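Here's the structure, in structure tokens; my notes come after.
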Amino acid sequence: QVQLVESGGGLVQPGGSLSLSCTASRAILSTFIQYTMGWYRQAPGKQRELVATFTDDGDTNVADAVKGRFTISKNNSKKTVYLQMSSLRPEDTAVYYCRGSIGETHYWGQGTQVTVSS
């Protein structure tokens, strides 16, 4: 059973930066390479939404709301996906979740809180 463990959340002022990490423990490297990794977020009272994805082919997709501010990257040797966030806004406040997908199987992390406030 793959476990996804996120880290890096916290409190940051508007305009600040934060970097999130998600490591796939218990994942075999050759399998992790085939995963599509993604970051999602859920703000209070709102549905969970896609933030960014990194496919097994190396393609990235970033939501319009964060385009130009957030960057997703993946280090296969560390079995880790990152989300670099800059120019943060109060509306970016949410619980951020990591998801790993292979075929029709999806694994979710427990989430990490990001709060943007002065």
Side-chain angles (χ1 to χ4, degrees):
Q1 181 74 15
V2 174
Q3 285 188 330
L4 300 178
V5 180
E6 300 109 333
S7 61
L11 173 65
V12 63
Q13 292 187 342
S17 299
L18 210 57
S19 183
L20 305 182
S21 300
C22 170
T23 299
S25 64
R26 304 181 186 176
I28 300 171
L29 177 59
S30 59
T31 303
F32 179 78
I33 292 173
Q34 301 174 52
Y35 285 4
T36 288
M37 300 300 297
W39 286 98
Y40 294 74
R41 67 185 182 185
Q42 188 166 17
K46 294 188 177 181
Q47 289 188 331
R48 192 172 297 188
E49 63 178 3
L50 172 70
V51 176
T53 58
F54 195 112
T55 72
D56 59 333
D57 292 332
D59 294 328
T60 60
N61 177 46
V62 181
D64 288 342
V66 303
K67 195 164 291 183
R69 301 188 297 120
F70 290 13
T71 301
I72 187 171
S73 60
K74 187 183 180 195
N75 186 321
N76 285 325
S77 64
K78 295 185 177 181
K79 295 183 287 184
T80 299
V81 64
Y82 305 92
L83 185 68
Q84 180 64 42
M85 305 182 292
S86 60
S87 302
L88 283 161
R89 305 167 181 170
E91 53 264 39
D92 294 319
T93 295
V95 178
Y96 283 71
Y97 297 91
C98 173
R99 189 178 89 165
S101 302
I102 183 167
E104 297 301 315
T105 301
H106 307 289
Y107 300 98
W108 288 93
Q110 81 286 355
T112 184
Q113 177 70 46
V114 172
T115 302
V116 185
S117 175
S118 56

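Keep in mind it's a predicted model, so treat the numbers as computed, not measured. Just so you know, these numbers use all the heavy atoms, side chains as well, and skip hydrogens, waters and symmetry mates.
- Residue pairs meeting the salt bridge (Lys or Arg N to Asp or Glu O under 4.0 Å) criterion with at least one partner in residues 17-44, sequence neighbours excluded, are R41-E49, R41-D92.
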Inset, instruction - Give the intermediate values and the outcome of side-chain hydrogen bond (donor to acceptor under 3.5 Å, both in side chains) for residues T23 and T80. - result: CA-CA 4 Å; T23 299; T80 299; 2.9 Å; yes

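- The side-chain contact (heavy atoms from CB on, under 4.5 Å) test with M85 is passed by exactly one of V114, V51, V12, T71: V114.
- In this structure, the side-chain hydrogen bond (donor to acceptor under 3.5 Å, both in side chains) partners of S19, at least two apart in sequence or on a different chain, are Q84.
- Residues passing the side-chain hydrogen bond (donor to acceptor under 3.5 Å, both in side chains) test with R89, sequence neighbours excluded: none.
- L50 has its side chain within reach of N61: a pair of non-hydrogen atoms, C-beta onward, lies under 4.5 Å apart.
- Using a 4.5 Å heavy-atom threshold, the side chains of L20 and E6 count as separate.
- By the salt bridge (charged side-chain N to carboxylate O under 4.0 Å, His left out) test, R48 pairs with no residue at all, sequence neighbours left out.
- The two atoms that bring S117 and P14 nearest to each other are C-CD, 3.6 Å, heavy atoms only.
- A continuous path of ILVMFWY side-chain contacts below 4.5 Å connects V81 to V2, so both sit in one hydrophobic cluster.
- Interatomic distance, CD of Q34 versus CG of N76, reported as 10.5 Å (0.5 Å rounding).
- Checking side-chain atoms of T53 against main-chain N and O of G38 turns up no donor-acceptor pair under 3.5 Å.
- Legend: ring-ring contact (aromatic ring centres under 6.0 Å, His included) pairs involving residues 65-118, not counting sequence neighbours, sorted by first then second residue: Y40-W108.
- Among residues at least two apart or in separate chains, disulfide (SG to SG under 2.5 Å) pairs with a member in residues 21-54 are C22-C98.
- Sorted by first and then second residue, the salt bridge (Lys or Arg N to Asp or Glu O under 4.0 Å) pairs with a member in residues 70-87 form an empty list; sequence neighbours excluded.
- Considering CG of L18 and OG of S86, their distance stands at 10.5 Å, rounded to 0.5 Å.
- Other residues sharing the hydrophobic cluster of L11, ordered by chain and number and joined by side-chain separations under 4.5 Å: none, the residue standing alone.
- Legend: residues meeting salt bridge (charged side-chain N to carboxylate O under 4.0 Å, His left out) with D59, ordered by chain and number and at least two apart, are absent.
- Qualifying side-chain hydrogen bond (donor to acceptor under 3.5 Å, both in side chains) partners for T115, counting only residues two or more places apart in sequence or in other chains: Q113.
- For E91, the CD atom is densely surrounded, since the number of other residues' heavy atoms within 6.0 Å is greater than 12.
- Between S101 and R99 the shortest heavy-atom distance is OG-NE, 3.2 Å.
- In plain terms, the two heavy atoms of T36 and D56 that are nearest each other are OG1-N, 3.8 Å.
- Residues passing the side-chain hydrogen bond (donor to acceptor under 3.5 Å, both in side chains) test with S77, sequence neighbours excluded: N75.
- For the side chain to side chain contact (heavy atoms under 4.5 Å, CB included) test, residues two or more places apart in sequence or in another chain that qualify with T60 are F54, I72.
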